[in-house]
Peer 1: 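Attaching a single structure in structure tokens format; questions to follow.
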Amino acid sequence: MVASALSGGGDHFDLSGSVMTAPRDPVAVAAVRVLGADVLAPCLLAGQSPCPADLALAGESARAFPPGPSATPVVAWSHWALHRALERAAAGGPLAPAVAGIGEPDAGWVSALPWQELCHRAAQLAALADPGAPCGLSTAFAARPVDLARGFVRAVRRQDWLQAAGTGRWLAGMSGVPDSLGLDAGLAWVAHRSEGDARVALHLAAARLAGRAGRT
């Protein structure tokens, strides 16, 4: 549903109608938490309008699963990203979340990662790869375009299409990417070989939008 809305397939974005089977459905709340900030990607990247029920569901998910004191950087950044996505999608309206106490997590760990681990984490946090909304994490990843390119090639060779798509999503909106990478052709190959994987399709649709934004 999210990937189709991003791709301009004609589907109206209806998050709550797609995942909820009953009022206050706990499974729907958990599903939104798994996808994270990308549940609102059609609003933030493709200009679709969220309905109040969509924002309420995403907000309930953000409140229901706060990171614990020993949360990993991936969990902390994913939680922060969902709150920021809500704030942006609500545009200061009555359903905008209270995010004053949720500051950006630390991104200093990115510079110390070997390139293989860097690309693994980049794919896990691909929902933050939005050129229109930079943050500390995107700045840290942007400092390592060559390493991300190496990781993209490695993921394609290993046929890890999800990691390739997530890493490619970062690269699509990034400067300093080697021309020799052939990113557009690489992403097309990932789309061809991933056999309709919905998560891969979501990242590829977002990468196309990021690439267009970078060329305008």
Side-chain angles (χ1 to χ4, degrees), residues 1-68 71-105 107 123-138 165-166 169-170 173 198-210 212-213:
M1 176 268 296
V2 174
S4 178
L6 280 178
S7 299
D11 290 349
H12 175 69
F13 180 59
D14 183 11
L15 171 64
S16 56
S18 298
V19 300
M20 293 186 69
T21 59
R24 303 188 63 84
D25 182 358
V27 175
V29 173
V32 168
R33 181 63 185 88
V34 170
L35 193 55
D38 269 338
V39 298
L40 295 171
C43 307
L44 303 180
L45 301 179
Q48 295 214 25
S49 299
C51 69
D54 293 342
L55 295 176
L57 175 59
E60 185 176 356
S61 179
R63 292 187 297 272
F65 299 100
T72 67
V74 168
V75 171
W77 274 104
S78 296
H79 181 71
W80 179 84
L82 179 55
H83 273 271
R84 185 180 68 163
L86 273 162
E87 185 177 46
R88 292 172 61 206
L95 288 172
V99 296
I102 304 177
E104 277 194 18
Q124 290 179 312
L125 292 166
L128 283 146
D130 181 353
C135 61
L137 186 72
S138 61
R169 180 174 173 179
W170 281 103
R199 296 174 300 170
V200 173
L202 191 162
H203 290 322
L204 293 176
R208 286 191 290 271
L209 292 171
R212 290 174 199 159

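Just the heavy atoms: all of them, side chains too, but no hydrogens, waters or symmetry mates, feed the values below.
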Peer 1: If you round to the nearest 0.5 Å, how far is CG of Leu55 from SG of Cys43?
Peer 2: 7.0 Å
Peer 1: How long is the span from the CZ atom in Arg88 to the NE2 atom in His83, to the nearest 0.5 Å?
Peer 2: 15.0 Å
Peer 1: Does the side chain to side chain contact (heavy atoms under 4.5 Å, CB included) test come out yes or no for Val39 and Leu57, once each step is laid out?
Peer 2: CA-CA 10 Å; Val39 298; Leu57 175 59; over 6 Å; no
Peer 1: Can you tell me how far apart CG (Leu45) and CG (Asp130) are? Round to the nearest 0.5 Å.
Peer 2: 5.0 Å
Peer 1: For Val29, is there any backbone N or O sitting under 3.5 Å from a side-chain donor or acceptor partner on Glu60?
Peer 2: no
Peer 1: Could you pull out the closest heavy-atom pair between His203 and Ala126, with the gap in Å?
Peer 2: CE1-CB, 3.5 Å
Peer 1: Hey, what do you get for CG (Leu209) to CG (Leu204), rounding to the nearest 0.5 Å?
Peer 2: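 Rounded to the nearest 0.5 Å, the CG-CG separation comes to 11.5 Å.
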Peer 1: For the pair Arg33 and Ser78, evaluate side chain to side chain contact (heavy atoms under 4.5 Å, CB included) and give the outcome as yes or no after the intermediate values.
Peer 2: CA-CA 9 Å; Arg33 181 63 185 88; Ser78 296; 4.3 Å; yes
Peer 1: Ignoring hydrogens, what is the shortest heavy-atom contact between Trp80 and Gly103? Give both atom names and the distance.
Peer 2: CD1-O, 3.4 Å
Peer 1: Would Asp38 and Arg169 count as a salt bridge (charged side-chain N to carboxylate O under 4.0 Å, His left out) here? Give the steps.
Peer 2: CA-CA 12 Å; Asp38 269 338; Arg169 180 174 173 179; 2.8 Å; yes
Peer 1: Nearest 0.5 Å, please: how far is NE2 in His79 from CG in Leu82?
Peer 2: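 That separation rounds to 7.5 Å.
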Peer 1: Give the minimum heavy-atom separation between Ala129 and Trp170, together with the two atoms involved.
Peer 2: CB-CD2, 3.5 Å
Peer 1: Supply the atom-to-atom distance Leu35 CG to Ser61 OG, rounded to the nearest 0.5 angstrom.
Peer 2: 9.5 Å
Peer 1: Of the non-hydrogen atoms in Trp77 and Cys135, which two are nearest, and what is the gap between them?
Peer 2: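 In terms of heavy atoms, the two residues are closest at CZ3-SG, 4.0 Å.
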